[in-house]
Amino acid sequence: MLGNLKGLLVTFATMIRKPVTYQYPKEHKPIEDRYMGFPVLMWDEKVEEPYCTGCMVCVRYCPTQCMTAVMKDNPLHADGKSSRRKIVDTFEINLGRCIVCGICVDVCNFDAIEMSHEHELSKYARNDNRSDLGRLLEMGWAYQQETGWRPAKEKAAEEATAEAEN
Amino acid sequence: MVDVSVESQSEGQLDTVQMLVNMGPQHPSTHGVFRMVLMVDGERIVDVEPHIGYLHRGSEKLCEGEIYAQIVTLFDRLDYISNLNNEMAFCRAVEKLMSLEVPERAEYVRVILCELNRVASHLLFFGTFGIDAGAMTPIMYAFRDREKIQSMFEAVTGARMMHNYIRIGGVKNDVPDDFRQRMTALIGELRQGIDEADRLLSFGEIFLARSKGIGVIAPERAIAYGASGPTLRASGVPMDVRKDAPYSIYDRFDFGIPIGEKGDSWDRFYVRVEEMRQSLSIIEQALRDMPEGPTITPTRLVLRPPQGEVYVRGENPRGEIGVYLVSNGADRPYRVKVRPPSFCNLMAIRELLLNTYVADAVVILGSLDIVLGEVDR
Amino acid sequence: MVERHRPGHTTPQAAVALDEKGQALERLLPDVLARFNPELGAAVDLVTATVNPSDVAEACLTLRDSPECRFDYLTCLCVVDYEEHLQVVYHLYSTTHKHMMVLKANVSPEQAVVPTVTSVWVGADWFERESHDLFGVTFDGHPNLAPLLLYEGFEGYPGRRNFEMPEYAEW
Amino acid sequence: MLLDVALLVALSLTLLTALSVVVLSLVWIERKFLGRIQMRMGPMHVGPFGLLQPVADAIKLMAKEDLLSSWVDRVIYWVAPLVVFVPVLMIWVTIPVARDLVIRNLDLGLFYIIAFSVLSIVGLVAAGWASSNKYAVLGGFRAAAQLVSYEIPLILAVLGVAMLAQSMNLVQVVNEQNVWVYALIQPLGLVIFFIAGLAELGRTPFDIHPAESEVVGGPFVEYSGAHWSVFFLAEYINTFAIAALTVLLYFGGWLFPGLPGDVPIISLAVFLAKTYLVILVIFWIRGTYPRLRIDQLMSLGWKVLVPLAFVNILMTGAYLFYGWPAWVLSLLSVAVLAATVWGLSKAMRTAPRPEVTVRIYNPTSEAGHAG
């Protein structure tokens, strides 16, 4: 019967200890820096356009085929404001289908898509998880604001120059 | 195969009628969508017919249509409690086929995460086994610690369950800077947590009465069934892929494999508890020795491994996972076959359950620790 | 499921590297399996032996019981569809000698019959049922070849490569 | 006459209301206490500290659709909850909460309580049977087996108290304890009564009949909404009753050294405090232990508790007959208890230490050591 008594003592000890749970809707667990939420599109502040060119590489390598993208000629390029010849026209991700694997981020050549910290899947309408370009950019902008994200290429270039200066 | 007639088997007693009880797929203790049709004589089970396949998603067929990089995500979803171990098995298969070298640091990261994954998986087992036996508190203790592990995974891989972190040729990215400190702290907490949960459940007399001597499987039978992992080791067979055919860098660590003596439910339970402690010691050693360096051998995005076939074995928390990969040189595998550990362990269920009580059936099924995601694939 | 073969590109073969145990088995197997006329080969680090489908059960029994092999553990049983033939693949392991080998048997897709090995290893039971489900290989003498993963009355063998997948449309 | 009836009705209604409030409090305490045991908060959102959570639950249960599968035996199905509930309520007629606070102070109070508490078994079996669900049938039969077997040690334990007090009147029993409470004189009886009481309640580790992981809620599996809540109500009132009886029979009821025993408010407060403490112990046990198996439960009942209860009666009889001082009986009781615990541990092969059948095997270092 000793084991049983020991069990009672253990539960008594935990009873007088502080609970370890979070009061979820009121208080959120901090999200880790690397947390992969939904894939979102990033906004190039310098030229006021998305980084995405609609090249479809992410669409092709998506294991669940949850994305669609359409490319168009970039009007800003014609005006000479942007170096991007092509730009994304429409982009849709069905976040209900997305498995958050991050392959789209790995394959993207333009640092245009990123795994955000957004993770709320519950929506008010049946197909509300189909996010169009506007919403993806909006979420991406929020992520950019939150984390001070900069494209990896830019970062690498800066680091290289900093090193060169040293 | 025991012959069972539906008529009454009692002689000179009251006439009794046997009853067919459908246990699952919605039964609270069948661990997923597993279904057993039990023929019971009162509370005693006289026949069992297991049914699986409710979660059959055709993962192996799906692999044939995906490029190698995408298949890792499919392997995440086989045994969704030990994702990293599955990923590792698949990546090792491809690496072996291509004779690809994996950087040293990547191997260490892989081993640390896989062992951590093993602890997480066994913690889940600890909790659910308590629930099966009727104790409602152990699962909370287990989840308290499991939550910390999941947070650690979140910090390293970016995802709590479906990581897609172990890649062909290494791991996705290097571990965060404060990895070593956080892991050291985590190991301490886990040690304490496991000890506490162990004190609560493992040696309580009621629990011992419920699990000792229940569902005994002899070593020869376990081997014949192809059982592996803790289920086999509880029967006293010291078979562990990490020791028998050391893969990755497991030969560099000093660790023991817990083996049982009787092969009953309690042994299967306690082998896992001890295994958690051994895993923590492996993690400690790996953290100590982890070198600096790159974490991935760069490969092309679309891999075309040479023609051939390869079979790799790995030690999952539930037993031996095998990946049989046939390639014809194209960018997609020709055939992928997974040898699912709990599929084989589950096969013995009929033999284990015959002539036990309904209440024992729950405990025995719990002690096998199955995950239907990999049983059905 | 298009395999993109680049023109003028010969597919490289996977490198074979048998370890000591594998080499020992390679020397050993012709004697043990002499009766069955095996065709020996290697798959990266495992010895493979191909036998006639009708001999599979006996070959397995021999492999299990011969003292120097002792393949008492059926690790994996699977079927590979090579379109012109189906290959039943047995991965055998020995818990005493700790070595491993692959046994193979080729059957034609139309007449896919292999004797069961459930009498050799009980653990072959569900593997065989699964292969029967997905590939339509009949395991002669199996006690209960009822569908395991698929539902009763499923048409066709979804594991085979010529199986037409039903169209899927997103809602 | 008319006044009498009116008074009785008024008292019954008061009792029902009081018990409902008690049940609500029990639900809250149980959830909070289990929460703390499991390092959770328990209910937090409805009202301050989740105090209104049980009320919200009650409203939900009342508003819920009462599902009825088409092949149930309707008459029995609808009657079963009442058959469980009414006896549970009836025993409160004679349970005193203070010296003068009792609806009917029956001289055969204990006898009456035991007679009524047996009745609810019928309701559980009927519920299981009428649901026409195999799990419910299994649960119903389990309930029958369990409750009938544990009535016997319960009755025998109560008998020991009745012998000591020379009365079956509960007020009398409490008044007799003004010097030494019976828990001290007869610890063996207390243990038997408490264990058998737990089994009567169907609480962990004896929750065989509603066992969630085995028979999915047992007799209640098909019930929903208001009818299910009647079972629920009955279970909690029963819990309270067993705790109250434990306090009355063994812990001196409303008596507390240094406090007046005849001021109703103080008496009530003391009684409630003691009862809630016993209830906390019941919840504590629930939060800690796994559940026994049906055959282990039966053998514990018949092979351990029933003989022990007889020993208890014999010892009490000898004590009364020879007029020993009270401490002799206490010592005897403790000795028998200790012997039982030792014997049980021996029988379960867990003494002095449970066998650890798992060892660590390390083929490389060849130094296997015990785990």
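Atoms considered below: every heavy atom in the structure, side chains included; atoms not considered: hydrogens, waters and symmetry mates. Just so it is clear: chains get the letters A, B, ... in the order the sequence lines come, proteins before strands, and each one is counted from 1.
In the displayed structure, B/Q192 atom CD is contacted under 6.0 Å by at most 12 heavy atoms of other residues, nucleotides or ligands. Counting heavy-atom neighbours within 6.0 Å of A/R85 CZ, excluding the residue itself, gives a total of 12 or less. Heavy atoms of other residues, nucleotides or ligands lying less than 6.0 angstrom from NZ of A/K29 number more than 12. In this structure, A/D79 places its CG atom where more than 12 heavy-atom neighbours from other residues, nucleotides or ligands lie under 6.0 Å away.
In terms of heavy-atom pairs under 4.5 Å with chain A, the best-connected choice from B/K172, B/R167, B/M140, B/R160 is B/R167. Annotation: maximal heavy-atom pairing with chain B below 4.5 Å, among A/V100, A/D106, A/D33, occurs at A/D106.
Using a 4.5 Å cut-off between heavy atoms, B/V72 makes no contact with chain A at all. Only the side chain of B/I67 comes within contact range of chain A, with heavy atoms under 4.5 Å apart. Of the two parts of A/I31, the backbone and the side chain both hold a non-hydrogen atom closer than 4.5 Å to a non-hydrogen atom of chain B. With a 4.5 angstrom heavy-atom cutoff, B/S202 does not touch chain A via any of its atoms. With a 4.5 angstrom heavy-atom cutoff, B/Y141 touches chain A only via side-chain atoms.
Side-chain contact between B/F203 and A/K6 is absent, with no heavy atoms from C-beta onward closer than 4.5 Å.
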*Take B/E196 and A/R17 through the test salt bridge (charged side-chain N to carboxylate O under 4.0 Å, His left out) and record every step on the way to the result.*
CA-CA 13 Å; B/E196 190 178 60; A/R17 220 182 291 154; 2.5 Å; yes

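For the atom pair B/E147 CD and A/Y22 OH, the distance stands at 8.0 Å (nearest 0.5 Å). Rounding to the nearest 0.5 angstrom, the gap separating the NE2 atom in B/H163 from the SG atom in A/C101 is 13.5 Å. The distance from atom CG of B/N173 to atom CZ of A/R34, rounded to the nearest 0.5 Å, is 4.0 Å. Expressed to the nearest 0.5 Å, how far CD1 of A/I103 lies from CG of B/N164 amounts to 5.0 Å. Remark: B/L200 CG to A/L9 CG distance equals 11.0 Å, nearest 0.5 Å. Taking CD1 of A/I99 as the reference point, atom CG of B/L74 lies at 7.0 Å (rounded to 0.5 Å).
B/A159 and A/M36 get closest at one heavy-atom pair: CB-CE, 4.1 Å.
Of the possible donor and acceptor atoms, none in the side chain of A/E32 sits under 3.5 Å from a partner among the backbone N and O of B/E154.
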